[in-house]
Every structure is written in C-alpha cells, then in structure tokens.
2 protein chains.
Amino acid sequence: MKRIADSTVRRLSVYLRFLEGSSQRGLTTVSSAELARHGGTTSAQVRKDLSFFGSFGKRGLGYSVPELTNSIRDILGLGREWNVVIVGAGKIGTALAQYDGFRPRGFHVVAVYDTDSGKVGTRWDGIVVRDFSQVARDLASQPIDIAVLAVPAEGAQDAVRRLVDAGVKAILNFAPVQLKVPPDVAVRSVNMAMELEGLSYELSSRAR
Amino acid sequence: MKRIADSTVRRLSVYLRFLEGSSQRGLTTVSSAELARHGGTTSAQVRKDLSFFGSFGKRGLGYSVPELTNSIRDILGLGREWNVVIVGAGKIGTALAQYDGFRPRGFHVVAVYDTDSGKVGTRWDGIVVRDFSQVARDLASQPIDIAVLAVPAEGAQDAVRRLVDAGVKAILNFAPVQLKVPPDVAVRSVNMAMELEGLSYELSSRAR
DNA sequence: TGGGGCTTGTGAAAGTATTCACAAAGTAGG
DNA sequence: CCTACTTTGTGAATACTTTCACAAGCCCCA
C-alpha cells in the first residue's frame with residue numbers, strides 16, 4: 001500500500017472533529033466544500049485525501065456524516081482502545097495525565113512514571129506515579145501502545161532507549177530534543193519552543 | 001523576498017538548539033554533516049536551508065559555532081524579548097505559565113488570563129491571573145506580541161476574536177480546533193489529540 | 001608557494017503534494 | 001422519464017521540497 005503523507009493524516013483528524021460536531025448538530029450529510037471550509041483547505045484536497053482510502057461519498061449529495069465518521073475512525077485506528085503511559089511527572093506530565101481530552105478518543109492513560117523517589121507513590125485522579133526503573137517489568141505484564149515523553153531534555157534520549165528496549169513502538173515526545181529511534185518506532189514531537197520561534201520568525205519577517 | 005517554507009524554519013530551530021549545545025561543549029566549528037546528523041536530516045538540506053538567508057560557512061572548514069548561532073538567532077527574530085500572554089488558567093495554561101523553557105529564549109510571560117472569577121486574582125510564580133474581559137484595556141497600555149491560547153475548544157474562536165480585536169498578531173493555539181483569523185495574524189497549533197491519532201494511524205497501518 | 005583534501009553553495013534533477021478541471025453519477029422536480 | 005443541477009472521484013498540470021552532484025573556495029602541510 002502506498003505511503004500516506006503525514007499532512008493527509010493530520011487533515012483526516014481535522015475532518016473527524018468537524019464530523020463529530022456536525023453529528024451533534026443533527027446534520028446527516030456534508031459536502032467536501034463544507035469539510036474544506038472548516039478544515040482550512042480546499043474541497044479538492046478533501047476529496048483527494050479521502051480517495052487514498054476509498055470512495056465514501058455520493059455524487060450530487062456529499063458524504064453521510066455517520067458513515068464518513070466511522071470510516072475515518074477506522075482509517076485512523078480509533079476503533080479500539082490504546083494504552084498510554086506518561087513518562088515524567090513534572091508540570092507537563094501531570095497536566096497531560098489529568099487532561100481529559102484523551103479518554104473520549106480511546107486513549108487510556110494506564111500509568112505515570114518518574115525517576116524522582118519523592119514523587120513515586122503519589123497519585124492524581126486515581127493514577128499512581130510509578131518508579132521509572134520498573135517500566136520494563138511493568139510492560140512485560142501489561143503491554144502498552146504509546147508512551148508520552150514529558151521529561152527534561154537531558155533525560156529524554158535515555159528514557160527513550162529504555163522504553164524502546166521495553167518494546168514501546170510509538171512515542172509522543174514533548175522534550176525539546178530530536179530523538180533517535182529504530183525505524184520500527186513511530187515518533188511525533190511537540191516542541192513549544194520551536195512553535196514560538198516559528199511565530200517569532202513570522203513576526204520578524206513581516207516587519208522587514 | 002521569497003517565502004520560506006515552514007519546514008525550513010522548524011529545522012533552523014533544531015540547528016540552533018544543537019549549536020547552543022555545541023558551544024557549551026566548547027566546539028568552535030561544525031560542518032553541515034554534523035548539523036544534519038543531530039537534526040535528523042541531510043547535509044545538503046542543511047546547506048540549502050541556510051542558503052535561503054545567506055552564506056555563513058567557510059569552504060573546507062564548516063561553520064563557526066558562535067557566528068552561525070547569532071545568524072540563526074537573528075533570522076528567527078530571537079535578538080529581542082517577546083511579550084507573551086497565556087489565555088486560560090486551566091491545567092495546560094498553568095503548566096505553560098510555570099514552564100521555564102520560554103524565559104531563556106526571550107519569551108517573557110507577562111500575564112495569564114481567565115474568565116473564571118474564582119481563578120482571577122490568584123497568582124503563580126509572581127504572575128497574577130487577570131480577568132479576560134480586561135484584555136483589550138490591558139493590551140492598549142502594554143502591547144504584547146504573542147498570545148498562547150489554552151482554553152477549551154468551545155471558547156477558543158471567541159477568545160481569538162477578542163485577541164485579534166485587541167491587536168494580537170500571533171497566536172499559539174493549544175485548543176483542538178481549527179482557528180479562523182485574518183491573514184495578517186500568524187497562528188501555530190499544537191493539538192495533542194491529533195498527534196496521538198497520527199501515532200494510532202501509524203501503529204494500525206503497520207499491522208496491516 | 002603549490003598541491004591534496006575537505007566542505008560549502010547552488011543549479012539541475014527527482015520526488016511529493018496540491019490544485020485544476022471535467023466526466024461520471026447521483027438527486028430533484030416536473 | 002427527462003432535464004437541470006449538484007457533487008464526487010481522479011488523471012493531468014502545477015507548485016513546492018528535497019536530493020544530487022560538482023565547481024569553487026579555503027585550510028594545511030610540505
């Protein structure tokens with residue numbers, strides 16, 4: 001199967017969110033033009049994105065909201081629960097652990113880890129902070145799908161090594177470093193400093 | 001001046017971080033190949049990225065660490081302080097307000113806003129939470145450069161409208177919605193649900 | 001001072017992604 | 001059932017990004 005561009009997958013997420021809203025507002029069909037308007041793209045782009053995965057619409061009418069919702073969920077692999085652990089119980093880690101945008105989309109936070117023995121054992125929202133040195137043992141008995149990395153830059157690569165050794169195949173990285181992982185491990189990075197620098201660049205280059 | 005690709009600006013951020021590390025480790029020059037290795041790209045890409053802005057290296061030798069550091073700082077507009085406000089004193093907003101990765105890079109958090117009167121008046125780290133309805137008045141006396149939006153999805157577009165009316169020209173959006181803004185306002189979005197869905201997609205498509 | 005060995009800077013080529021534009025297929029209303 | 005209208009799905013065209021490949025420039029050492 002042909003490799004799908006990252007940008008396409010991101011847009012599918014956006015379409016999905018709009019479809020969920022449409023469903024709540026009682027709409028039964030949407031056109032590619034409506035999806036485009038709310039997704040900040042063009043109708044041709046919407047149709048092309050969907051066409052990589054099949055043909056979901058009815059000519060002259062558009063797309064059935066519930067059907068397209070299910071199709072995109074399926075494409076994105078959201079038809080199941082994913083077990084997630086958060087590594088790092090600092091400010092960002094705890095904010096993420098308590099964030100409740102994950103649960104409804106099938107991402108289940110099963111544990112939070114830290115190396116600081118002062119934090120180990122405390123609990124938030126029913127999730128106990130566990131000792132990161134236990135991670136390999138824990139994952140052997142309860143496998144997880146995704147690790148969210150919220151540790152300081154210095155410790156990030158080392159934490160990744162241990163997670164990968166323990167069999168983790170997907171990492172969402174919040175540490176401001178470029179992680180090195182084997183090719184069979186998927187990584188996405190969220191880097192706030194980088195985003196702010198992007199805005200700084202835009203503001204500056206406009207002034208010129 | 002030709003429009004520079006987003007991907008190029010992001011890579012400049014990565015190069016900058018590596019250069020700062022190199023400087024601390026006492027290196028005086030780096031080659032495009034070294035920058036590439038740590039930035040997860042190729043040496044040709046590094047040279048091409050830099051070539052959009054000028055010619056910074058010495059053939060046969062590489063790039064002077066301090067000189068290239070300064071040049072990239074300049075390009076990214078980091079030669080000055082940027083005033084930042086955080087909108088939304090929920091979990092993510094407070095985590096961001098206390099996060100100290102911004103300060104050293106010239107991003108100065110001058111205020112946190114919320115609409116919840118129970119939160120207004122409390123303070124973290126010396127930053128008082130202010131009433132969001134004051135924002136237009138505040139910005140008239142102390143202009144800010146960047147607003148970080150950390151409010152729930154429902155309130156996001158409305159908060160943006162008010163920020164834009166108050167003259168904000170750059171927004172870093174953490175709400176899981178596609179914001180609509182005038183063309184002279186720069187927006188970057190960080191959407192954790194979308195990133196997790198991207199990982200979900202990759203994990204699923206590999207299994208197939 | 002001259003030659004060998006590196007590394008940059010950059011056009012040209014290759015590879016990706018987006019937009020265009022239109023036939024095909026459906027709806028709706030008489 | 002037929003005609004007018006709408007919207008999809010998709011090759012082809014365009015635009016954008018990355019990679020290739022090599023001349024030009026600089027350092028170092030003999």
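Computed from heavy atoms alone, side chains included, the values below leave out hydrogens, waters and symmetry copies. Chain naming here is simple, since letters A, B, ... match the order of the sequence lines and numbering starts at 1 in each.
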*Say whether B:Asp138 and B:Gln142, considering side chains only, have a donor N or O and an acceptor N or O under 3.5 Å apart.*
no
*Ignoring backbone atoms, establish whether A:Ser7 has a side-chain N or O less than 4.0 Å from OP1 or OP2 of C:dT18.*
yes
*Short side-chain N/O contact from B:Tyr63 to OP1 or OP2 of C:dC6, under 4.0 Å*: no
*Is there a residue in residues 20-39 of chain B whose heavy atoms reach under 4.0 Å of DNA chain C, and which residues are they?*
B:Ser31, B:Ser32
Can you tell me the distance, in whole Å, between the [atom1] atom of [X] and the [atom2] atom of [N]?
X: B:Arg3; N: D:dA15; atom1: CZ; atom2: C1'; value: 14 Å
X: A:Asp6; N: D:dT18; atom1: CG; atom2: P; value: 13 Å
X: A:Gln45; N: D:dT8; atom1: CD; atom2: C1'; value: 15 Å
X: A:Lys2; N: D:dT10; atom1: NZ; atom2: C1'; value: 14 Å
X: A:Leu12; N: C:dA17; atom1: CG; atom2: P; value: 14 Å
X: A:Asp49; N: C:dA17; atom1: CG; atom2: C1'; value: 10 Å
X: A:Phe56; N: C:dA25; atom1: CZ; atom2: P; value: 19 Å
X: B:Phe52; N: D:dC16; atom1: CZ; atom2: C1'; value: 10 Å

_NZ/NE/NH1/NH2 to OD/OE distance under 4.0 Å, B:Asp100 and B:Arg105_ = no
*Run through B:Leu163, B:Ile86, B:Val177, B:Leu172 and flag the one making a side-chain contact (heavy atoms from CB on, under 4.5 Å) with B:Leu149.*
B:Leu163
*Which pairs with one or both residues in residues 40-68 of chain B pass ring-ring contact (aromatic ring centres under 6.0 Å, His included), sequence neighbours excluded?*
none
_So, using side-chain hydrogen bond (donor to acceptor under 3.5 Å, both in side chains) as the criterion, who are the partners of A:Ser204 when residues are at least two apart?_
none
*Going 5' to 3' along nucleotides 20-30 of chain D, which nucleotides have protein heavy atoms under 4.0 Å from the base (write B), which only from the sugar-phosphate (write S), and which from neither (write -)?*
BB-BBBB----
_Return the CZ to NE2 distance between A:Phe18 and A:His38, rounded to the nearest 0.5 Å._
4.5 Å
*asked:* Need one value for A:Ser43: base, sugar-phosphate or nothing, where a base atom within 4.0 Å counts as base even if backbone is also close, heavy atoms only.
replied: nothing
*Would you mind classifying the nucleic acid contact of B:Arg11 as base, sugar-phosphate or nothing, using non-hydrogen atoms under 4.0 angstrom?*
sugar-phosphate
_Sequence-distant partners of B:Arg73, salt bridge (charged side-chain N to carboxylate O under 4.0 Å, His left out), two or more places apart_ = B:Glu20
*Got a sec, which residues hit salt bridge (charged side-chain N to carboxylate O under 4.0 Å, His left out) with B:Lys169, two or more places apart in sequence or on another chain?*
B:Asp184
*Are the side chain of B:Ser71 and the backbone N or O of B:Glu67 linked by a donor-acceptor pair below 3.5 Å?*
yes
